[in-house]
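Following: one structure in structure tokens, then a few remarks.
All figures in this text were calculated on a predicted structure; none of them were measured in a lab. We're numbering straight along the sequence, starting at 1.
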Amino acid sequence: MESLLRFKFAIFFLFLWSCTSNYQAGLKQANDDLNSGILKIKYYGELLENELELHEFLRLHYFIHYERISGCIVDNSIIEYVDGYNSVMLEEIRNRYAKGFDDIRKEFSKTIAPGM
């Protein structure tokens, strides 16, 4: 019984360590990118409607790169890495432009479909 409990604890610890390391890797990469002058948002999932136009809008108006790092098939390591990375970048966007990324995307939507 005690060995089973130790085994479960070891598995749980390894799971927490892998989650933390992926998130931490995202944090580190984001800080490295910022130090190199790169402002970027990473995402995963299906292609977005007007994705190429959004990339161009972000690059031209806000100097933000928008990078899809995975398609529809993602695992926890990708999600955790992107969460860590974007937590740094979203804060920098708020500090730099005094608005959140969602506000910038809404601004983009108005340029694609004015009056909506």
* Asked: Between Phe63 and Leu39, does a side-chain contact (heavy atoms from CB on, under 4.5 Å) hold up when you go through it step by step?
  -> CA-CA 7 Å; Phe63 309 103; Leu39 191 57; 5.8 Å; no
* Please answer whether the main-chain N or O of Ile73 pairs with a side-chain N or O of Ser70 as donor and acceptor at a distance below 3.5 Å. =>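 Pair found, side chain donor or acceptor close to backbone of Ile73.
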* Polar side-chain atom of Asn31 near backbone of Leu27 as donor-acceptor pair, under 3.5 Å ->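 Confirmed, Asn31 side chain pairs with Leu27 backbone.
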Nearest 0.5 Å please: distance from the [atom1] atom of [X] over to the [atom2] atom of [Y].
| X | Y | atom1 | atom2 | result |
| --- | --- | --- | --- | --- |
| Leu90 | Ile93 | CG | CD1 | 5.5 Å |
| Asn22 | Ile79 | CG | CD1 | 10.5 Å |
| His61 | Ile104 | NE2 | CD1 | 11.0 Å |

Quick one: list whatever passes salt bridge (Lys or Arg N to Asp or Glu O under 4.0 Å) with [X], sequence neighbours left out.
| X | result |
| --- | --- |
| Arg94 | none |
| Glu91 | none |
| Glu56 | Arg59 |
| Asp83 | none |

Do [X] and [Y] have side chains that get closer than 4.5 Å, going by heavy atoms?
| X | Y | result |
| --- | --- | --- |
| Glu67 | Ile41 | no |
| Met89 | Leu34 | yes |
| Glu107 | Phe57 | yes |

* **More than 12 heavy atoms of other groups within 6.0 Å of Leu60 CG** =>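 Yes - once you tally the heavy atoms of other residues, nucleotides and ligands closer than 6.0 Å, there are more than 12.
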* Within a reach of under 6.0 Å around NZ of Lys28, are more than 12 heavy atoms found that belong to other residues, nucleotides or ligands? ->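 No, not enclosed.
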* **Nearest non-hydrogen partners of Lys42 and Val82, listed with the distance** =>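 Closest pair (atom of Lys42, atom of Val82, distance): O-CG1, 3.5 Å.
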* Shortest non-hydrogen separation from Glu46 to Cys72 and the atoms involved ->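 The pair with the smallest heavy-atom distance is CG-SG, 3.3 Å.
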* Asked: What pairs meet the ring pair (Phe, Tyr, Trp, His ring centres under 6.0 Å) rule with one or both residues in residues 73-103, with sequence neighbours excluded?
  ->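 As it turns out, the ring pair (Phe, Tyr, Trp, His ring centres under 6.0 Å) pairs with a partner in residues 73-103, which skip direct neighbours, are Tyr62-Tyr97, Tyr66-Phe101.
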* Asked: Under the side-chain contact (heavy atoms from CB on, under 4.5 Å) test, which residues partner His65, sequence neighbours left out?
  ->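 Checked His65 against side-chain contact (heavy atoms from CB on, under 4.5 Å); matches are Ile38, Lys40.
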